[in-house]
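Read the structure below first, then the notes.
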2 protein chains.
Amino acid sequence: MRSAQLSDVRQQNYSTIMRELMRSGPTARTDLASAIGMSTGSVTRLTGALARAGLVKEAAEPAPRGMGRPKVPVAIDESTYGVIGVHFGLHRINTCLIDLRGQLVAELPATERTTNLKPLLRGAARSVRKMIDSHGLTVLGVGASTGGWVDSSSGQVHTQPVLGWQEAPLAEALHDLVGLPVLVDSQVRALALAEHWFGAAAGVDNFIHLFVGNVVGAGFVFNGSPYRGAHSAAGGLDHLPVTGRSGQTCVCGSRRCFAMVAGDLETARRARAAGLITDDQEVYDVFALAVAGNPQARRLLQDRAGVVGTATATLIELLDPELVVIGGGVSAPVDHVAVVRDAAQDRLAASRGGDATARILASAFGPHALGIAAGAIMLDAVYRSPEAFVPALTATASDPGH
Amino acid sequence: MRSAQLSDVRQQNYSTIMRELMRSGPTARTDLASAIGMSTGSVTRLTGALARAGLVKEAAEPAPRGMGRPKVPVAIDESTYGVIGVHFGLHRINTCLIDLRGQLVAELPATERTTNLKPLLRGAARSVRKMIDSHGLTVLGVGASTGGWVDSSSGQVHTQPVLGWQEAPLAEALHDLVGLPVLVDSQVRALALAEHWFGAAAGVDNFIHLFVGNVVGAGFVFNGSPYRGAHSAAGGLDHLPVTGRSGQTCVCGSRRCFAMVAGDLETARRARAAGLITDDQEVYDVFALAVAGNPQARRLLQDRAGVVGTATATLIELLDPELVVIGGGVSAPVDHVAVVRDAAQDRLAASRGGDATARILASAFGPHALGIAAGAIMLDAVYRSPEAFVPALTATASDPGH
DNA sequence: CGACTTATCTCTGCCTTGAAGATAAATATC
DNA sequence: GATATTTATCTTCAAGGCAGAGATAAGTCG
């Protein structure tokens, strides 16, 4: 619990203006003032400071309509600053530079044999340095994501089973190498933030991102902020019991754990059992068959989507989100979100009669957008506290300018 | 999204001081300043205004120790204001007056034959009026709770299955009758707020209140604020699938719905099947047997506690709370929370190895505290925005006083 | 070309905080 | 017992923030 100060007001008002501009696009100062309930004088002063800092700009005015002085829209300036996202996957590190609107400016995918933290970090830092200032954007910071249990407040990766990391000080180590602010979070929460800022959940304050792939997990945004739990461990779905189907026996002893029923491994296992793929093929080959039109493969994936639907219904009943975004193999490359939606609605209709349901949408990003999502971690921070990450803003704040 | 103002700063600082005093008990101004990061001058000014308004008072100073001027502790003044809570149950309306520390000042239980909204409201309003100002406390407002789907933002009860209400404008109707601010919320969320302010979860910012009784449901407090979901429907557990045991077939078609396996009805059914109680007896009679030491009854309730434990594990994995508070028939009159704890830890240990678990505690309130919990709805609002509910505070704010 | 309309900018007043100094009330020391 | 010391609390003052009123700018309409 911390007491509030005057500077908090200014900080929050900067943030409110930036978020409103992100949400609504170019907006005249007058409209901005009435949208956020601020005096026009304050809007002028604050947008002035934001413009001098390079965060907003006056957009091209549309054909002036009606009487009076024409509106001059103010918009996010995406040409000054950028943020970098780094995603650490198995044998794959994806580094992206995105602008303040979330648009991809540059990408630098890399494959790595090792899973050791040190060499991976050195490689990532090299990619980051290569990107800094080489695309005309001043980089404000780096967001890093990976799977497993990631603590965003301490910057530590407690456990990352796929890469075998334990208590890895990811944020600190990367900061030492690149000299920029570094924020870390889990892959699923990064995806949720990306959806929140410039994806399917743009402007939605209560939603769940449900990721189903080689790992399963949920990312929560509650009341407009990411919810991470008391130990940054929120979002675990591995052992969520599902109804209607059972899979292999889980380490916990149950045969109805969501991960064991709907995860990629089980899908691949069932495809093998059905003779669809060979022993050394993986779930991606099932996707390929489905894309090619193989009916058995399609049925298998639809089946899985049905299970995801019942789990979605459980989450909707429990957490009452406005929206559930489905990511991972259920939404791409073959989009089975309609199956998820039907299965979820079926279950909810039986119990609730259709009241208080949530929209269910496919992720706005393809499977290769994990780097962009990592950047969203940093972008989120910039929009929440602009002064903390844009030095030029505090410098020009009190300057009356011209 | 609304912009911030200077008055928001003052409001929040009032709130921060009140909450800190509630959390830590009587505190000297200096200690208060360092605890919340405020200058001592501001603490003096704000506590002065709070004291003139009757919200805080200078407490009796303890034996002065050490050198220097002795500290003068400031404490919540519980002798000026109170809030009233009204809980609408089946055939039972419980009206309570509590002071600012949550202590019960007066209680007025009433039994009612009807379940119709109008006569129940008239009866409740009579009880409320009887309490107002008759105990030396100025009543700041009324909190009302009931089961079912209650929308706290609109004040509507969408559906209340036990009483048969549909779209009942509870807040507005009660406000018209008593002329005080009225806030409503669901019974489970009210219990969660009570635990948060003066119960087992005092000072805990991320926790879940899990209620298992004739109805089941969860109340969430995330990041220090109640989370109600997009349509005020969060907390539904009825159809949460549970592992290890199945019950009667639910309306949704599954036999593993939490409500059907762990609810009071199933417990009573199993007790009947075992010959423990007769057809016209209920779950309370099973409790009575267990209290009397009947081993079969105890085993039955322990069994149910085990199921609650697995559901608790699911919630902990999904939402990573710091604490889970167990309320309803599992914690009273026979406390089986230890069984819940063991069952939950068992399941979590298999999957997580004991990391990031949550404490599990019994509710601090007996089964008859629903009225107090309803009052907590109003108390929460007063602590969050004192100026909105205490007119004397705004009146004396700028007064330099003496 | 002048009147009108609307958007934006400038200026003033009020409010709130933080910091420093003044005051108060106890103990420690001679 | 008188004085110094220590710590808590109160008072004063300057800086910084927003709202609202008025001034200015940049169009359209007749």
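Quick note on labels: first sequence line is chain A, next is B, and so on, each numbered from 1.
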**OP:** Select one nucleotide: of D/dT9, D/dT28, C/dT8, the one nearest the side-chain heavy atoms of A/M67.
**Re:** D/dT28
**OP:** In whole angstrom, give the distance that lies between atom CZ of B/R2 and atom C1' of D/dC18.
**Re:** 12 Å
Subject >> Inter-residue atom distance B/I17.CD1 - B/M38.CE, 0.5 Å rounding >> reply: 4.5 Å
**OP:** Could you tell me which residues satisfy side-chain contact (heavy atoms from CB on, under 4.5 Å) with A/S154, sequence neighbours excluded, listed by chain and number?
**Re:** A/D151, A/Q156
When you compare the protein's N or O atoms with those of nucleotides 12-14 of chain C, which come within less than 3.5 Å of each other, and at what distance?
none

Subject >> Selection: residues 15-28 of chain A, any non-hydrogen atom under 4.0 Å of DNA chain D >> reply: none
**OP:** Send over the distance from B/Q11 CD to D/dC18 P, rounded to a whole Å.
**Re:** 18 Å
Original post:
Residues in side-chain contact (heavy atoms from CB on, under 4.5 Å) with A/A374, at least two apart?
Top reply: A/S145
Subject >> Set of residues satisfying salt bridge (Lys or Arg N to Asp or Glu O under 4.0 Å) with respect to B/E172, sequence neighbours excluded >> reply: none
Original post:
Just by distance, do the side chain of A/S15 and the backbone of A/Y383 share a donor-acceptor pair under 3.5 Å?
Top reply: yes
Subject >> N or O in side chain of A/T44 less than 4.0 angstrom from C/dC9 OP1/OP2 >> reply: yes
Protein N or O to nucleotides 19-21 of chain D N or O, pairs below 3.5 Å:
{"from": "D/dA19", "atom 1": "OP2", "to": "A/S39", "atom 2": "N", "distance (Å)": "3.2"}
{"from": "D/dA19", "atom 1": "OP2", "to": "A/S39", "atom 2": "OG", "distance (Å)": "2.9"}
{"from": "D/dA19", "atom 1": "OP2", "to": "A/S42", "atom 2": "OG", "distance (Å)": "3.1"}

Subject >> Pairing residues for A/R19 by the salt bridge (Lys or Arg N to Asp or Glu O under 4.0 Å) criterion, not counting sequence neighbours >> reply: none
Subject >> All salt bridge (Lys or Arg N to Asp or Glu O under 4.0 Å) counterparts of B/D176, not counting sequence neighbours >> reply: none
Subject >> Residues which pass ring pair (Phe, Tyr, Trp, His ring centres under 6.0 Å) with A/F220, listed by chain and number, not counting sequence neighbours >> reply: A/F222
Original post:
For A/D205, what residues pass the side-chain contact (heavy atoms from CB on, under 4.5 Å) criterion, not counting sequence neighbours?
Top reply: A/H196
Original post:
Can you name the residues that form a side-chain contact (heavy atoms from CB on, under 4.5 Å) with B/E20, not counting sequence neighbours?
Top reply: B/R23, B/S24, B/L32, B/A35, B/I36
**OP:** Let me know the distance between CG of A/L46 and P of C/dT8, rounded to the nearest Å.
**Re:** 15 Å
Original post:
Roughly how many Å is it from CZ in B/R29 to C1' in D/dT7, rounded to a whole number?
Top reply: 15 Å
Using residues 97-104 of chain B as the side-chain source, report each donor-acceptor pair under 3.5 Å to any protein atom, sequence neighbours left out, with the distance given to one decimal.
{"from": "B/D99", "atom 1": "OD1", "to": "B/R101", "atom 2": "N", "distance (Å)": "2.7"}
{"from": "B/D99", "atom 1": "OD1", "to": "B/G102", "atom 2": "N", "distance (Å)": "3.1"}
{"from": "B/D99", "atom 1": "OD1", "to": "B/Q103", "atom 2": "N", "distance (Å)": "3.0"}

**OP:** Examine the base of C/dA25 for any acceptor or donor lying under 3.5 Å from a partner atom in the side chain of B/R69, and report the outcome as yes or no.
**Re:** no
Subject >> Distance-only polar pair, side chains of B/D77 and B/S79, donor-acceptor under 3.5 Å >> reply: yes
Original post:
If each of B/T30 and A/S7 is mapped to the nucleotide of DNA chain D with the nearest heavy atom, which maps nearer the 5' terminus, i.e. the 5' end?
Top reply: B/T30
Original post:
Tell me: CG of B/L32 to P of D/dC10, nearest whole Å?
Top reply: 12 Å
Subject >> Candidates C/dC9, C/dA7, C/dA25 - which lies nearest the side chain of A/K71 >> reply: C/dA7
Subject >> B/D31 CG - D/dT9 C1' separation (whole Å) >> reply: 12 Å
**OP:** Indicate, with a heavy-atom threshold strictly under 4.0 Å, whether A/V43 touches base, sugar-phosphate, or nothing.
**Re:** nothing
